[in-house]
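By convention here, the first residue in the shown sequence is residue 1. As the structure lists them, so they are numbered: ligands from 1, and atoms in each ligand from 1. Being a predicted model, the structure only gives us computed values, none of them experimental.
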Amino acid sequence: MSEKHIVVIPGDGIGEEITTAAIEVMKAAAEKCNIKFTFEKMYAGGAAIDKYGVPLPDETVEACKKANGVLLGAVGGPKWDNVKPELRAERAILGLRKALGLYANLRPIKIFSALTSKSPLKEELVSDVDILILRELTGGIYFGPKQEAHIVDGVEQATDLEIYTRPEIERIVKMAFNIAKGRSNKVTSVDKSNVLATARMWRRIADEIVVDYPEVTLEHMYADNCAMQLVLQPKQFDVIVTSNLFGDILSDEAAVITGSIGLLPSASLGDGGIGLYEPIHGSAPDIKGRGIANPIGTILSGALLFRHSLDCEMAASMIEEAVEDVLLDGYRTRDIYGQGMTRVSTEEMASRIIDGLR
Ligand code: IPM
Ligand code: MG
C-alpha cells in the first residue's frame, strides 16, 4: 500500500460540493489500486480573502509544494468582484500556477457518446470529437508587466504586455509533440503571427523543434480561424498547442461543444512532478449549496491526477469508464438533464460513479 498526500482547495461557490464528490470517488478508486490517501484542505480565492485577507496565503502554496497532487474546485464570486486587482480571487489560481511552475495546462475535450445531443452543434459534427488543448500557462500577457488605468497627457490608458521567451515556447511545444506521439501524431499550433511578434517567434521555434519529431505533423493556424474551425469542423483537431490567452479563450469554446462545461477536467503540470487538477468551469455561486452542481468535471480531474501525478493509469481509466457508463445509464445532473433521463444530485452522481468502478 503506498501513501499519497493530496492537497484539496475547495475554493468558492460550488467548490466545496464538487471537491467532496471527487474525493469520494478518488478514495474508492485508490482502494482498488492499493493507494492510501491523506487529504489536507487549504484555502484559496474568496474563502482565503475572508479568512486571511489575501487570495493565496503562503501556507497554501507551501502545502501544495509538499503534496503529490493538488485538487482544486473553483474560485471567485460576486462577493469579491470589487476588491483591488491584486486581491481578486482569480489571483489565487494565477499565483498557484506561477509558484508551482505549472507551465502546461492540458484540457482534454472529449465528447461523451451519451451526450452528443446536448451539444449546440449538430450531432454529426461532434460525435467522436477528441481534442487535447495544451495551453501555455505561466507566460504571455497574463504575466507580463501591467499598468492599471492611469492618465497620460490627459487621456486614461492601461497596459498589458505579452512577453514570451524561447525556453517558455520550447518546453510547451515539446510537450505538445510528445503528447501527440501517444495520440494521432498531429499538432495544430495556434497563434496570431500575422500581427504579433511573440507569435512569429512562437511559430519559428515550433518549426525548428518539430524537426526532431519526424513522426509528428505540425500545422499552424491563426487564432481567429481556429475559433471558427472549432465550430465548423471540430473533428479536424487532435492536439492544439497555444499561448496562455488564446488557450483560455479557445478552451472555453471547445469545451462548450461537448454540451456542458460541467463535464471537463484539466491538469496543470510543470517539470517538478507536482500537478494541479481542476474542472474548467467556474464557481457558479448562484447554485452553491443546492446539491445540483455537476461534479463530473472535478471527478475527471481526479482521474487525471491519478494518471499524471500518481502514475496510476488503472485508476484513471477506471474512473473515466465509470463516468461514461453512468451517463450511458441515463443519470444526469440538472445541467445535462433531458427527458426520459434520471435526475440525480451532486452526491448521487458521485455514488453512481463509485458503484460503476470496476
Ligand atoms: C481558466 C480561468 C482562469 C484563467 C481565471 C479564473 C483566472 O478562466 O483557468 O481558464 O483565465 O486562466
Ligand atoms: Mg478560462
Side-chain angles (χ1 to χ4, degrees), residues 9-15 18-19 43-49 54-56 60-61 64 70-109 131-144 146 148 160-164 168 172 190 223 226-227 230 240-258 260-270 275-286 288 297-298 300-301 304-305 308:
I9 305 176
D12 308 311
I14 57 172
I18 55 178
T19 48
Y43 288 82
I49 297 177
V54 289
L56 183 61
T60 300
V61 176
C64 292
V70 181
L71 183 72
L72 187 132
V75 298
K79 182 175 169 199
W80 307 279
D81 269 352
N82 296 317
V83 296
K84 284 190 245 146
E86 62 275 20
L87 286 181
R88 282 191 67 94
E90 288 82 357
R91 281 289 171 108
I93 299 205
L94 301 179
L96 267 177
R97 290 172 182 166
K98 199 72 176 178
L100 302 176
L102 308 172
Y103 63 82
N105 185 218
L106 279 70
R107 300 194 168 182
I109 310 288
I131 305 171
L132 184 88
I133 299 191
L134 184 61
R135 167 187 176 195
E136 199 292 324
L137 204 57
T138 50
I141 199 165
Y142 269 61
F143 290 94
K146 300 183 184 306
E148 296 298 329
D160 297 279
L161 193 60
E162 166 110 337
I163 302 178
Y164 267 114
E168 284 174 329
I172 194 79
V190 173
C226 180
L230 274 170
I240 293 178
V241 63
T242 190
S243 65
N244 206 341
L245 181 62
F246 295 151
D248 178 50
I249 298 166
L250 295 172
S251 61
D252 267 24
E253 187 196 357
V256 82
I257 70 175
T258 66
S260 165
I261 63 166
L263 297 169
L264 296 174
S266 80
S268 303
L269 309 173
L276 174 84
Y277 301 84
E278 56 178 319
I280 74 156
H281 59 71
S283 61
D286 51 320
K288 173 193 162 115
T298 320
L300 291 174
S301 300
L304 294 181
L305 194 157
H308 297 289

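When all heavy atoms of S268 and E278 are compared, the closest pair comes out as OG-OE2, 4.4 Å. Nearest heavy atom pair, residue F143 against residue L137, reads CE1-O, 3.3 Å. For the pair I9 and A44, the tightest heavy-atom approach, listed with the atom from each and the gap, is CG2-CB, 3.5 Å.
Counting the atoms of ligand 1 from 1 in the order shown, those under 4.0 Å from a heavy atom of R107 are 1 (C), 9 (O), 10 (O). Atoms of ligand 1 lying under 4.0 Å from at least one heavy atom of R135, given by number and element, are 1 (C), 4 (C), 9 (O), 10 (O), 11 (O), 12 (O). Listed by number with element, the atoms of ligand 1 under 4.0 angstrom from any heavy atom of Y142 are 4 (C), 11 (O), 12 (O).
Here the CD1-CG distance, from I109 to L132, works out to 8.0 Å after rounding to the nearest 0.5 Å. Here I133 contributes atom CD1 and I280 contributes atom CD1; the two are 8.0 Å apart, rounded to the nearest 0.5 Å.
For the pair N244 (side chain) and R135 (backbone), a donor-acceptor distance under 3.5 Å is absent.
Taking atom 10 (O) of ligand 1 as the reference point, the nearest protein heavy-atom neighbour is D248 OD1, 2.9 Å.
Looking at R91, R97, E278, H281, it is R97 that brings a heavy atom closest to atom 3 (C) of ligand 1.
Taking distance alone, with nitrogen or oxygen atoms compared against 3.5 Å, E90 stays at or beyond that limit from ligand 1.
Among the atoms of D248, an N, O or S atom falls under 2.8 Å of the Mg ion (ligand 2).
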